[in-house]
Amino acid sequence: MPVDENTTALVTGASSGIGEATAKALRAKGATVYAAARRLDRLESLAEESGCIPMELDVRDRAAVKQIGEQYPVDILVNNAGLGRALGSIWNAEIEDIEMTVDTNVTSAMLMIKAVLPGMIERGKGHIVNMGSVLALYPAPAALYGATKGALHKLSRDLRQELQGTGIRVTEVNPGRVVSEFYQVAIDDDEQLAKTTTTNVEELVAADIADAVIYCVDAPWRVNISQLEIMPTEQTYGGSQFVPFKRLDAQ
Ligand code: NDP
C-alpha cells in the first residue's frame, strides 16, 4: 500500500524521539499525519517544520481516544507512545508508576486499535504498527517495562489472526537502544541515569526506526512485515548470568 497524499496516518508519542521522526517521515511521503502527544508546544514546532497536524492527546484519555476512530479516517496507526518507569526493580516501584506504564504502553495502545479498526475494516485498508522493544523478546532486569512490551508482542501476533481476511496489516517493531528522551523520562536518579545512558557505543537514532516503519507501511499491499528487531550493531543479548547469592542486609 503506497504511502502518499491519499494516506492518513496517526502517530502517538509524536512530540519527541521515534514518534517525532516517524511522523516527519510519513509526512515526507505526502501523507496527512496527525501527530499526537501531551506536549502541544512540541507538536506545534513539528507542525511548523513538517506540516503534520498537531493533536494534543493523553493516550490514557478514554473518551478522546474513542472519538478518534469516529472523526479521522486513519489508514496507518503508529502506536508509539510509551515509557519505562521503574526500570530495574518492580518491587520498589510506586504503584502509580506501574499503573501509568501498563496503561500507556498496553491498555491505551489496545484502545487506540479498538478505536480505529472498525473504520479500517469498513474501508478495506489499514495498517497497525506497534512500537515494541527488544525487551519484549529477551530477559532483562526491567520486568514491568518488559511485561508491557511482551504484551504488545502477543497482541500484535494475535491481531494478525483476528484480522485474517480483512486485508488489515499488523507490524511489530522491536528496537534496541535508540537515542531519545526515553531514559530521562524513565529514571529520576541522575547517577543511575548517567550509568544507564553511557553505553560507549554508537546507538540507533530515531530516524533509523522511522525508516524501518516507512519500509513496512510503504511495502506492496501483499507484503505484511509482521515483526522487526532492530539493534545497534554494537548491542547484543545478555546471555546467562551466574550471580552468587548474597543477602541484601549482609554487608
Ligand atoms: P521518548 O521519551 O522520546 O518519546 C516518548 C513519546 O511518548 C513522547 O512523545 C511522549 O509525549 C509520548 N507519551 C508518553 N506518555 C504519553 C501519553 N500518556 N499520552 C500521549 N503521549 C505520551 O522515547 P522514545 O522515542 O524512545 O520512545 C518511543 C517508543 O519507543 C516507546 O514506546 C518506547 O517504549 C519505545 N522504545 C524505545 C527505545 C529506546 O531505546 N529509546 C527502545 C525500544 C523501544 P508527551 O510526553 O508529549 O505526551
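As the structure lists them, so they are numbered: ligands from 1, and atoms in each ligand from 1. Both backbone and side-chain heavy atoms feed into the values below; hydrogens, waters and symmetry mates do not. Given the structure is predicted, the values throughout are model-derived calculations rather than measurements. If you read the sequence from its start, that first residue is 1, and numbering goes on from there.
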Q: Just wondering, are more than 12 heavy atoms of other shown residues or ligands nearer than 6.0 Å to CD in Glu202?
A: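 At most 12 heavy atoms, drawn from other residues, nucleotides or ligands, come within 6.0 Å of this atom.
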Q: Using a 3.5 Å distance criterion without hydrogens, assess whether the side chain of Thr171 forms a donor-acceptor pair with backbone atoms of Ile225.
A: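 Yes, Thr171 side chain to Ile225 backbone: donor-acceptor pair under 3.5 Å.
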Q: State, to 0.1 Å, how close Val59 and Val65 come at their nearest heavy-atom pair, and which atoms those are.
A: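 Residues Val59 and Val65, closest heavy atoms: O-CG2, 3.4 Å.
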Q: Would Gln192 and Asp190 count as having a side-chain donor-acceptor pair, cut-off 3.5 Å?
A: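 No, no side-chain donor-acceptor pair sits under 3.5 Å.
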Q: Which protein residues have a heavy atom under 4.0 Å from ligand 1?
A: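 Contacting ligand 1 under 4.0 Å are Gly13, Ala14, Ser15, Ser16, Gly17, Ile18, Ala37, Arg38, Arg39, Leu57, Asp58, Val59, Arg60, Asn80, Ala81, Gly82, Thr104, Met131, Gly132, Ser133, Tyr145, Lys149, Pro175, Gly176, Arg177, Val178, Ser180, Glu181, Phe182.
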Q: Specify the closest pair of heavy atoms between Leu46 and Ala35, including all atoms of both residues, with the distance to one decimal.
A: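 That would be CD2-CB, 3.7 Å.
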Q: Strictly below 4.0 Å, N to O, side chains only: are Glu44 and Arg39 in salt-bridge contact?
A: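 Not counted as a salt bridge, because no side-chain N and carboxylate O are separated by less than 4.0 Å.
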